[in-house]
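Read the structure below first, then the notes.
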Amino acid sequence: MEEKELNLNEITRDDFLSYSRRCRYNGFVADNYEDMAKENPVPLYFAETEKLNRELKYEPDPSLMARAKKVRECGRSWLFDAYPNARVKNLIKVNRCTDRFCFNCQALAADQRFVQYSPILDKYTATNDIYHVVLTVPNVSASRLADTITLMLDRFSYMIRYFDGRKRVRNLDFGRYGYVAAVRSLEITVSKRNGSYHPHLHSMFILKKGLDFPNVYWNRFSVDKNGRNADRLFSELDLLFQRLWCLLIMRKEVTKRNIEHIEEVLPQYPDGFSCIADLSNGAYHEIFKYAIKGTYKEETLFTKDAFRTMYGALFGRRVYESYGELRRYDFNNYDKDFGLSSPDELFELFIARLQSEELPVRVEEQLSEILQLKYTDGIKQFKYVSRASVVRRFRDLTEEEKREKLESLRKILQ
């Protein structure tokens, strides 16, 4: 097979290096699980002592030890079908842990959610606009993080009731926004300055198309971090979320007057809480990718106390929640095989062409071995591909562009 025939997305060396970097971070996560297991031992069995007294034996929590082992090994072993003549290796399986705190699985899960659910958003673009809404609260201490998250998730669901008409505010028409659906995700960052926690919600709101909300309003959130220059102006929709969200979190009555004059009921928050509602302007794929990127950033967990705080605060939580017409889709679910078993016409053509020339050889390789591979004089390096990498090649294209690409590649592969 000629070089030009392999015009498909590869798993590049940079991809493998990213896996390797996240695997190193996973070592920190595994260490924390092991420490927690030892700090919380569980009864193992009763044993007869020489004095015939029954003695209770303890061992580190086996469930936490098992999680540590899975996280530590995640992404290190790769199974391929190798085609030596074509110098191609097709990824069949990677060992995964799917742990919430695994850096590899969080990144891949966000990517897979994007692949699975962005086509759902596509169908709304003709009749609706999509907004990226970010809702924040003031930073909190570790001891208040869990309760704050509980409050935020509850208040978001309650806020949706105003937009979908189940809850009304006298002389304030929420119906004008033409709410259709929403999906929200939770993110938590940690302040490097004082170690406080900053929980916030990223969400996508599907509203009526063509709403005109110019950015003409200035408030205290407009200034830059130094409190001087106007960093941005806000729209009417921004102001609504800033004030409505603040009233809900502070459990104040939501009325038209309280929204318009929030400084009277909450003088400590004269402009509400810092929130934004940005129109996607056709770039909703990138906004959606950002909104579902994960619950925490890598540096967030790099202390023992932060890991334990996050572990306790997120235990049993549904990080993603959908509303309205999107409620039928559970964004917490995604293809745990990360697209490796997804049907794809182009990839089937590609594999059929390879197998018409030679049968594959099943090989298992460690990530460390893959990264050590080098070019040898006169020998062409293997290309690493997967069904998922081919699917991702087309994810940002329009339907017409996808058809054109598929047809041109089909002619090459047949």
Side-chain angles (χ1 to χ4, degrees), residues 1-24 26-27 69-98 102-105 107-109 111-112 115-116 334-395 402 405-414:
M1 203 177 265
E2 297 180 3
E3 177 74 17
K4 66 178 183 179
E5 296 178 5
L6 297 176
N7 187 22
L8 299 169
N9 268 18
E10 297 178 57
I11 308 173
T12 66
R13 180 174 175 79
D14 285 343
D15 292 329
F16 288 121
L17 285 171
S18 295
Y19 276 96
S20 179
R21 174 178 55 82
R22 292 191 291 259
C23 282
R24 290 196 298 272
N26 277 357
K69 184 174 185 295
K70 290 178 67 177
V71 170
R72 200 180 295 279
E73 294 176 353
C74 182
R76 295 186 179 274
S77 179
W78 299 62
L79 195 65
F80 297 95
D81 272 351
Y83 298 85
N85 294 335
R87 310 302 288 173
V88 171
K89 290 182 180 177
N90 171 35
L91 179 61
I92 302 300
K93 183 179 180 182
V94 186
N95 69 311
R96 308 284 191 205
C97 66
T98 66
C102 169
F103 289 103
N104 267 323
C105 289
L108 292 170
D111 201 31
Q112 186 59 34
V115 170
Q116 285 182 224
Y334 58 92
D335 178 6
K336 298 299 192 296
D337 209 15
F338 298 102
L340 292 180
S341 59
S342 303
D344 182 79
E345 180 183 358
L346 174 61
F347 193 75
E348 297 302 331
L349 284 169
F350 175 63
I351 293 300
R353 178 66 180 273
L354 286 173
Q355 293 184 354
S356 70
E357 299 178 1
E358 60 179 318
L359 293 178
V361 178
R362 185 64 55 90
V363 296
E364 182 176 358
E365 296 179 356
Q366 298 301 306
L367 181 58
S368 57
E369 297 172 342
I370 297 171
L371 291 173
Q372 290 173 1
L373 293 176
K374 299 182 184 297
Y375 285 95
T376 304
D377 291 342
I379 299 179
K380 181 179 160 187
Q381 178 69 291
F382 272 94
K383 285 181 178 285
Y384 290 89
V385 300
S386 76
R387 187 186 307 270
S389 69
V390 173
V391 171
R392 282 161 175 74
R393 174 184 175 85
F394 294 93
R395 66 186 178 191
K402 289 177 184 177
K405 289 283 187 182
L406 182 60
E407 186 58 33
S408 63
L409 289 169
R410 182 187 288 114
K411 290 177 181 178
I412 294 174
L413 291 169
Q414 287 179 333

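Just so you know, these numbers come straight off a predicted model, no measurement behind them.
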Would you name the heavy atoms of [X] and [Y] that are closest together and state the gap between them?
X      : Y      : result
Asn104 : Gly75  : ND2-CA, 4.5 Å
Asn90  : Ser386 : OD1-CA, 3.8 Å
Leu354 : Val88  : CD1-CG1, 4.1 Å
Arg96  : Cys74  : CA-SG, 3.8 Å

Heavy-atom side-chain contact between [X] and [Y] under 4.5 Å:
X      : Y      : value
Leu367 : Cys23  : yes
Asn95  : Glu73  : yes
Gln355 : Pro360 : yes
Lys383 : Arg87  : no

Exercise. Could I get the full list of ring pair (Phe, Tyr, Trp, His ring centres under 6.0 Å) partners for Tyr83, not counting sequence neighbours?
Key: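 Tyr83 satisfies ring pair (Phe, Tyr, Trp, His ring centres under 6.0 Å) with no other residue.
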
Quiz prompt | Steps toward side-chain contact (heavy atoms from CB on, under 4.5 Å) verdict (Arg362, Ile92) | solution = CA-CA 9 Å; Arg362 185 64 55 90; Ile92 302 300; 4.1 Å; yes

Is a donor on one side and an acceptor on the other found under 3.5 Å between the side chain of [X] and the backbone of [Y]?
X      : Y      : value
Ser20  : Leu17  : no
Glu365 : Phe80  : no
Arg13  : Leu371 : yes
Asp15  : Thr12  : yes

Exercise. To the nearest 0.5 angstrom, please state how far the SG atom of Cys97 sits from the CZ atom of Arg76.
Key: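 Output value for this atom pair is 11.5 Å.
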
Exercise. In plain terms, say whether Lys89 and Asp81 are close enough for a salt bridge, that is, a side-chain N and a carboxylate O under 4.0 Å apart.
Key: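 No, this pair does not count.
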
Quiz item: Mind checking whether Tyr19 and Phe16 have parallel, tilted or perpendicular rings, split at 30° and 60°?
Solution: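 Judged by the thresholds at 30° and 60°, the geometry between Tyr19 and Phe16 is tilted.
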
